[in-house]
S.K.: 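Sending over a structure as structure tokens; questions will come in a sec.
Every heavy atom of this structure was used, including side-chain atoms; hydrogens, water molecules and symmetry mates were not. Order of the sequence lines fixes the chain letters, A, B, ..., with proteins taken first and strands second; residue numbering starts at 1 for each chain.
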Amino acid sequence: MSDRSQKRAKIEAPKENPYLAHLSPSERLVGGTAAKNPYGLAADHPLANFVIGETTAEQGEAAEEGDINPFTDKPFSDRYKKILAGRRKLPVNKHRKEFLDLIQNNQVVILVGETGSGKTTQIPQFMVFDELPAFKGKKIACTQPRRLAAMSVAQRVAEEMDVVMGQEVGYNIRFEDCTSQKTMLQYMTDGMLLREAMNDPLLSRYSAIILDEAHDRTLSTDILMGLMKEIIKKRSDLKVVVMSATLDAGKFQKYFDDAPLMSVPGRTFPVEIYYTPEPESDYLEAAIFTALQIHRTEDAGDILLFLTGEEEIEDACRKIKAEADQMPDAGPIKVLPLYSTLPPQAQKRIYEEAPPPRTSGGRPGRKVVVSTNLAETSLTIDGIVYVIDPGFSKQKVYNPRIRVESLLVSPISKASAQQRSGRAGRTRPGKCFRLYTENAFMKELIETTYPEILRSNLGTVVLQLKKLGIDDLVHFDFMDPPAPETLMRALELLNYLEALDDDGNMTPLGSMMADFPVDPQLAKMLIASPQYGCSNEIMSIVSLLNVPLVFMRPPDQRKMADEAKAQFSHPDGDHLSLLNVYHAYKTSGEDQKWCYDNFCNYRTLKSADNVRTQLKRYMERCDLDLVSLPFDERPKGSYYTGIRKALAAGYFMQVAHQERSGNYLTVKDNQVVRLHPSSCLDHNAEWVIYNEFVLTNQNYIRTVTEVKAEWLLDIAPNYFDLDSFPNCEGKRVLEKLIQRRKAGGGDRDRERDYDRDESRSKSRKSDRSDKDRKEKRRR
DNA sequence: GAGCACTGC
């Protein structure tokens, strides 16, 4: 006890300022001295007797049950009282005292709460009454991995506290800061808090930080947890609560040096689990069969089926619908797909009611939702009684050897299986059909899904850590330390980009790169772009690279869609086509109909424009010039040449060279790759840079633009140190080029670039017609 | 001649 009071020294009460008496407590706080503590409140104020860090559950509850809202000084509404009654029934409410005891006597508390426990809405409020953050000129933050959750929980809590959203309670997510000077409780995305930490490494604006959904183990949550361990050493006044849903809380507890753990039961209904007696050879077929079986034989109640991706889902939906419609002894069925790239209005259909029976008293109608992992955590569908879990999902994996991230259909974890089955018991008892054996569940499934940090390229993570002032990455206390090779790859990348020097220290350039909310390569490109006279264009291109594909291609209108896309094609590469699309979109007046007519995704373009506005703000903040080259500059083509050089300034490590065989080989790694068929690059380009390496049945490079070997040597001499190159044609070409330069032809070489550009474009046309003729002959 | 699980700044 005494230890704590030393840490959290009581604040001496200043004399109340009578001129502030007409203001609400939180308004009195802003900038005023009275604001510093609650003792500046009138004696009959609901919080008058509260001592920060020493309040009791009874005090908090009494204040909540009073007539006057202590944070606004307004009478509580009737709606508030109704909501309050509901809150009192949440499982977490019984643990208010226990929680306060723990948080008052410990700096870090781990809290395990199952779904429906109320932890996300109530715990932050418990803390508000104990911390009274506004009286200290501080705030309480509660992080969420997803934006939607941050927004909707904030909305809910604002209602529960009877305040206007964005005032005392608010949220802060990218593109939308819904907080004010008065905000004392702020929900936010974990990425947002991380970004804040990069500029305020002690997070001094907060008196308490709650990391919610920590079991999700997002990259940001993992970094934040490591950061919390650092910060609490330096800020004894900071309280930290780590909230998680799964049972592996012991791991969190251990990580935070045996912090106390509190467990709150959930409020869900029992779910009966069924396993298959034998392993299934074809999970898709088994899943469809099971869905139909349930539909024919089980009582009313909707079905949720988990599959791995869009194509599989659409396929399954068709088959289930077709077969169910053939069943004479079953009720009507409504089959609905759900995945993130589905347009929002199609996504909303999952909330539609199941169809009624064909005749009164007939077999029940049923809704079947066929979904990706989206329905496992991000979205909740009420009314689900039956869950079918084939046991697979697509997961990101990173291969540091070839530096490639890819998606792989993999078995899920036990935690994931549990989460899935839980979806059947939201509103009443349910059943979960696992399409694998109980033995497989027990012995083959891993406990929890590997955290993202073990499955990702860590370029951005390492840069962020450096920006946070963590110099010694090898000894940084990761909850799960990434493979040394993955860290090495990241350090190597950042060193070549000159974000880190040879000793691994962050350069001023690296510090600036970390400010941009994009991959390091793209950040480098943005920062270099003014030197190439084209920062306006690079901002547009980078924005489009940071949103999903803009080009729509409905299966039944492929030809039209491809024709529409061809209008934007630039012969030298896809990055320039993106620029064309952006420009056309802006010229259309950001017209939705124009997008529809041209097979462009309006929402995507709109969000790209949002991103661009943000990037522009960062560019200005970094004092980078916003410039364009004159379009009709002589020699011809220099406008696009400037842009391509700027692209190379960021992408010089993602280069492929075309061998005489016609194959492309990636530079240094010597992976055989092909241009993605969607590429608009229409001629044999010897050197290309690419945005993305897509690993499917074949190796593809996607979003590709032609560059010149000369540029690469100029831009990244360190990377193009040929001693480090494996033997290949590209290496020999570069060697010859270097020899020629040594012989003194360097500058003339560069002047001739543009001439060659023109001659190249001529030969390109003849290439094309050559090819066409050959095609015809073959037929 | 194609296949984008899901988030986030």
S.K.: In whole angstroms, how far is the P atom of dA5(B) from the CZ atom of R420(A)?
M.R.: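 For the pair R420(A) CZ and dA5(B) P, the rounded distance is 14 Å.
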
S.K.: With a 4.0 Å cutoff (strictly under), does any side-chain N or O of S678(A) reach OP1 or OP2 of dA2(B)?
M.R.: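 No, no such contact exists.
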
S.K.: Starting from C1' on dG3(B), measure out to CZ on R558(A) and report it in whole angstrom.
M.R.: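 Nearest whole value for this atom pair: 10 Å.
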
S.K.: Give a yes/no on whether any side-chain N or O of S220(A) is located under 4.0 angstrom from OP1 or OP2 of dC9(B).
M.R.: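 For dC9(B), neither OP1 nor OP2 has a side-chain N or O of S220(A) closer than 4.0 Å.
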
S.K.: With a 4.0 Å cutoff (strictly under), does any side-chain N or O of R702(A) reach OP1 or OP2 of dG3(B)?
M.R.: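 For dG3(B), neither OP1 nor OP2 has a side-chain N or O of R702(A) closer than 4.0 Å.
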
S.K.: What is the distance from NZ of K559(A) to P of dG1(B), rounded to the nearest Å?
M.R.: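 Rounded to the whole Å, the gap is 18 Å.
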
S.K.: At less than 4.0 Å, is any side-chain N or O atom of Y339(A) found next to OP1 or OP2 of dC6(B)? Yes or no.
M.R.: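 For dC6(B), OP1/OP2 do not have a side-chain N/O of Y339(A) under 4.0 Å.
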
S.K.: Is it true that R423(A) and E376(A) make a salt bridge, defined as a side-chain N closer than 4.0 Å to a carboxylate O?
M.R.: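 Salt bridge flag = no for E376(A) with R423(A).
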
S.K.: For F693(A) and dA2(B), what is the distance between atoms CZ and P respectively, to the nearest whole Å?
M.R.: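 About 16 Å, once rounded to whole Å.
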
S.K.: Which pair of heavy atoms, one from D480(A) and one from P451(A), lies closest together, and at what distance?
M.R.: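 The pair with the smallest heavy-atom distance is OD2-CG, 3.6 Å.
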
S.K.: Give a yes or no on whether a salt bridge exists between K319(A) and D315(A), defined as a side-chain N under 4.0 angstrom from a carboxylate O.
M.R.: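 Yes.
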
S.K.: Assign the ring pair F476(A) / F478(A) to parallel, tilted or perpendicular, where the plane angle (0 to 90°) is split at 30° and 60°.
M.R.: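 Perpendicular, since the angle between the ring planes exceeds 60°.
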
S.K.: CG of L408(A) versus C1' of dA5(B): gap in Å, rounded?
M.R.: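 Rounded to whole Å, this separation is 11 Å.
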
S.K.: Spell out yes or no: do the side chain of R553(A) and the base of dA2(B) have one donor N/O and one acceptor N/O closer than 3.5 Å?
M.R.: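 Yes, the side chain and the base share a sub-3.5 Å donor-acceptor pair.
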
